[in-house]
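Here the structure is laid out as structure tokens; the discussion comes afterwards.
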Amino acid sequence: MTPRDLAGTLSGVGTTLRVLGRAGVIRPYGPRTLASIAQVVLRWGTGPAGGFATLAARSPHQVGVVDELGELTWGELHRRSNSLARALAERGVQEGDSVAVMCRNHRGFIDATIAVAKLGADILYLNTAFAGPQLVEVLAREAPSMVIHDEEFTGLLAGAPVERRILAWTDADGEGGETLERLVSAHDEGDLQPPDRHARIVILTSGTTGAPKGAPRKEAGIDAAVSLLSRMPLRAGWRTHIAAPLFHTWGFAHLALAMLLGSTVVLRRTFDPATALRTVQDERCRSMVVIPVMLQRMLALEPGQLEGIDLGRVEVVASSGSALPATLAKAWMDRFGDNLYNIYGSTEVAYASIATPEDLRADPTSAGKPPYGTVVKILDDNGSELPQGETGRIFVGNGLLFEGYTSGDSKEVVDGLMSSGDVGWFDADGRLHVAGRDDDMIVSGGENVFPQEVEDCLVTHERVQDVAAIGVDDDDYGQRLRAFVVATGEVSADELRDHVRANLARFKVPREIVFLDELPRNATGKVLKRELARRDQA
């Protein structure tokens, strides 16, 4: 190791200790507790199996999860996952298998995650907004050995090629099948032997064709947490309301962060703006995890619904998943204080930049600055770095880059930096600005939407002759989809939206449908979408 390498290593260790110390992670434990924690990490790793087990070792009686069913301590969660893991093994789940989880935000999501990880199987998170055809396609491709799902999704999963199923959340006593709670209560809760392999987390995203792709990650080390905590002042022992979906990269990131911080995770199955605010207040939360549209919906409440809401104890509102409108950032901070932190990144590259309240006050259009351990460069089409102020493709390097889609494809990589799929630039103060996608994909309410997929769906309607779709800006959702349709007979916009809703996820339904006599095309027959975009600006 050269002197320069040694200096870099020591600097990195110093930064890690400083960040973790500030967050309250580094604290005195008794020798027995320290030995127990070390043994757990050595045997189980730093993923869900080991991470939550360390919480049971160091704080077994602390409340770890709060949902509509009540409270669970870390010790109870550990024992429940032991029981469930034994039940899953009895039903054929083996090391190296994949188990799909389609649950809303409640204890069952966490029970399933830890139990599957304790068996050394991979966990595939399914988007709860998927339509039936999408689920069938994804499950056929990813081939999980079992699906753990909420009872409400039974109908959607009817055509899926997965026979073994367990109900997580039930509203009718789970009469249609085995339930998670029954399996937990019927099996031994004693500790298990660790598997030879550690589980991977597979979060579904969208590929270049618009079809959902599996983006797996191995266990994140301590650097993942240090990166986020370097620009976001979360602290150990806080109560945090994760309103963002747990199956989403952003929601899951904070569930994983709770393994280090020992945060009490407060969950509600579905998002309601008034309920979310009341939950944060009544549960004495110090932080809240959201996607931007949730902020918009909370601010849009009637004055009477906001009356009496006091978020004075909230120090961090962590937002990510889609573009944060500048007006929304200012409106939130003016109403609830300078507690808003906005994170720019993706499933593939994790955290690229973080905008603090100071960044958002100085320039609410910026995405902030890269956190510790992250390199962001703006490259041209030839892979050369562009100077400050010039717009180009955003490439990110850190220790959190995903390992490639389950299909075998991956994102473009240049000199160890991975494409985020966006274009942008750095300003004179070192803040990143994101101009938009480098392809046709739009992000609406935190979800990726490809116009081509919606076009292909609409054109299957018997009275649609031609169709093109584009993304346009939207104050509530970041972007929305506008479809231009050439019809062959009488058909309403509502009928076409119903057609899309029946075949695709609800977030892919165009909010606007414009009827035209013909679509503008060039000499080779390609639709001139720039002409359609000009109609929006006219």
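Position 1 is the first residue of the sequence; numbering continues from there.
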Return yes if some donor-acceptor pair links the side-chain N/O of Arg480 with the main-chain N/O of Asp473 below 3.5 Å, else return no. yes
Under a 3.5 Å distance rule, please check whether Ser263 uses its side chain to pair with a backbone N or O of Val265 as donor and acceptor. no
Does the distance from a Lys or Arg side-chain N to an Asp or Glu carboxylate O, for Glu178 and Arg165, drop under 4.0 Å? no
Return the CD1 to CG distance between Ile110 and Leu246, rounded to the nearest 0.5 Å. 6.5 Å
How are the rings of Tyr351 and Trp250 set to each other: parallel, tilted or perpendicular (split at 30° and 60°)? perpendicular
Taking 4.0 angstrom as the limit, do Asp474 and Arg511 come out as a salt bridge? yes
For Glu151 and Asp171, indicate whether the former's side chain and the latter's backbone hold a donor-acceptor pair under 3.5 Å. yes
Do Glu95 side-chain atoms and Arg197 backbone N/O form a donor-acceptor pair below 3.5 Å? yes
Applying salt bridge (charged side-chain N to carboxylate O under 4.0 Å, His left out), can you list everything that pairs with Asp97, at least two apart in sequence or on another chain? none
Taking all non-hydrogen atoms of both residues into account, name the closest pair between Ala352 and Val376 and its distance. O-CG2, 3.4 Å
Nearest 0.5 Å please: distance from the OG1 atom of Thr240 over to the CG atom of Leu261. 9.5 Å
Donor-acceptor pair, distance only, cut-off 3.5 Å: does the side chain of Asn105 make one with the backbone of Ala244? yes
Decide yes or no for Val99 and Leu88: does some side-chain heavy atom of the first lie under 4.5 Å from some side-chain heavy atom of the second? no
For Glu447 and Lys508, what are the C-alpha separation, side-chain angles and deciding distance, and is it a salt bridge (Lys or Arg N to Asp or Glu O under 4.0 Å)? CA-CA 9 Å; Glu447 300 288 355; Lys508 298 185 179 182; over 6 Å; no
Only one of Ser420, Ser353, Ser366 forms a side-chain hydrogen bond (donor to acceptor under 3.5 Å, both in side chains) with Tyr344, so which one is it? Ser420
Considering only heavy atoms from C-beta outward, does the side chain of Asn398 approach that of Pro371 to under 4.5 Å? no
Contacts of Ala493 that satisfy side-chain contact (heavy atoms from CB on, under 4.5 Å) - sequence neighbours left out: Arg497, Ile513, Phe515
Test of understanding: with side-chain contact (heavy atoms from CB on, under 4.5 Å), list the residues that count as partners of Glu152, not counting sequence neighbours. Arg104, Asp150, Arg269
Within the supplied structure, the quantity of interest is the number of heavy atoms (other residues, nucleotides, ligands) at a distance under 6.0 Å from Glu163 CD; does it exceed 12? no
Between His198 (side chain only) and Ala117 (backbone N and O only), is there a donor and an acceptor less than 3.5 Å apart? no
Can you list everything that forms a side-chain contact (heavy atoms from CB on, under 4.5 Å) with Ser83? Sequence neighbours excluded, please. Val184, His187, Glu189
Can you name the nearest heavy-atom pair linking Val314 to Ser287, along with the distance? CG1-CA, 4.5 Å
All heavy atoms of Trp44 vs all of Gly50, minimum pair found to be CB-CA, 3.5 Å
Is there side-chain contact between Val413 and Phe395, with at least one heavy-atom pair below 4.5 Å? no
Thr460-His499 side chain donor-acceptor pair, cut-off 3.5 Å: yes
For the CG atom of Leu267 and the SG atom of Cys103, what is their distance to the nearest 0.5 Å? 11.5 Å
Short question: side chain of Asp122, backbone of Arg200 - any donor-acceptor pair under 3.5 Å? yes
Taking C-beta and beyond as the side chain, do Leu126 and Leu139 meet within less than 4.5 Å on heavy atoms? yes
List the steps, then state whether side chain to side chain donor-acceptor pair (under 3.5 Å) holds for His461 with Glu495. CA-CA 10 Å; His461 191 281; Glu495 184 178 346; 3.3 Å; yes
Would you mind reporting whether Pro510 and Val454 have side-chain heavy atoms less than 4.5 Å apart? yes
Is there a side-chain contact between Asn339 and Val316, using heavy atoms and a 4.5 Å cut-off? no
Partners passing side-chain contact (heavy atoms from CB on, under 4.5 Å) against Thr279 (at least two apart in sequence or in another chain): His241, Val266, Arg268, Thr275, Glu283
Indicate whether the side chain of Thr179 and that of Glu181 have a donor and an acceptor atom separated by less than 3.5 Å. no
Evaluate Thr128 against Phe247 for side-chain contact (heavy atoms from CB on, under 4.5 Å), listing each step before the verdict. CA-CA 8 Å; Thr128 58; Phe247 67 76; 3.2 Å; yes
Taking atom types as modelled and ignoring hydrogens, do the side chains of Tyr125 and Thr113 form a donor-acceptor contact shorter than 3.5 angstrom? yes
Would you mind reporting whether Phe130 and Leu156 have side-chain heavy atoms less than 4.5 Å apart? no
Are the side chain of Ser145 and the backbone of Val93 linked by a donor-acceptor contact shorter than 3.5 Å? no
Donor-acceptor contact present, side-chain Arg164 to main-chain Arg91, <3.5 Å: yes
When you measure from the side chain of Gln305 to the backbone N and O of Ala274, does any donor-acceptor pair fall under 3.5 Å? no
Side chains of Leu119 and Gln94 in contact at under 4.5 Å (non-hydrogen atoms): no
Minimal non-hydrogen separation, Ala468 against Leu532, with atom names: CB-CD1, 3.7 Å
Under the salt bridge (Lys or Arg N to Asp or Glu O under 4.0 Å) criterion, do Glu455 and Arg482 qualify, and how do the steps go? CA-CA 11 Å; Glu455 293 167 358; Arg482 173 177 292 165; over 6 Å; no
Applied to residues 82-107, the ring-ring contact (aromatic ring centres under 6.0 Å, His included) test, sequence neighbours excluded, yields His106-Trp169
I would like to know whether Met102 and Ile148 meet side-chain contact (heavy atoms from CB on, under 4.5 Å); could you show each step before the answer? CA-CA 6 Å; Met102 191 173 187; Ile148 301 174; over 6 Å; no
So CG of Leu192 and NE2 of His78: to nearest 0.5 Å the spacing works out to 8.0 Å
In Å and rounded to the nearest 0.5 Å, what is the CG to CG distance from Leu180 to Leu167? 9.5 Å
Test Trp74 against every option in Thr264, Thr54, Leu55 by the side chain to side chain contact (heavy atoms under 4.5 Å, CB included) rule and name the one that passes. Leu55
Locate the shortest heavy-atom distance separating Ser320 from Pro292; write the atom from each residue and the value. O-CD, 3.3 Å
Quick one: do Leu234 and Tyr341 satisfy side-chain contact (heavy atoms from CB on, under 4.5 Å)? Show the steps, please. CA-CA 11 Å; Leu234 298 167; Tyr341 293 77; over 6 Å; no
Might you work through the side-chain contact (heavy atoms from CB on, under 4.5 Å) test for Thr365 and His433, ending with a clear yes or no? CA-CA 7 Å; Thr365 67; His433 292 256; 3.4 Å; yes
Kindly give the heavy-atom pair with the smallest separation between Ser81 and Lys118, and that separation in Å. OG-NZ, 2.8 Å
Rounded distance [0.5 Å steps], CH2 in Trp332 versus CG in Leu328: 9.0 Å
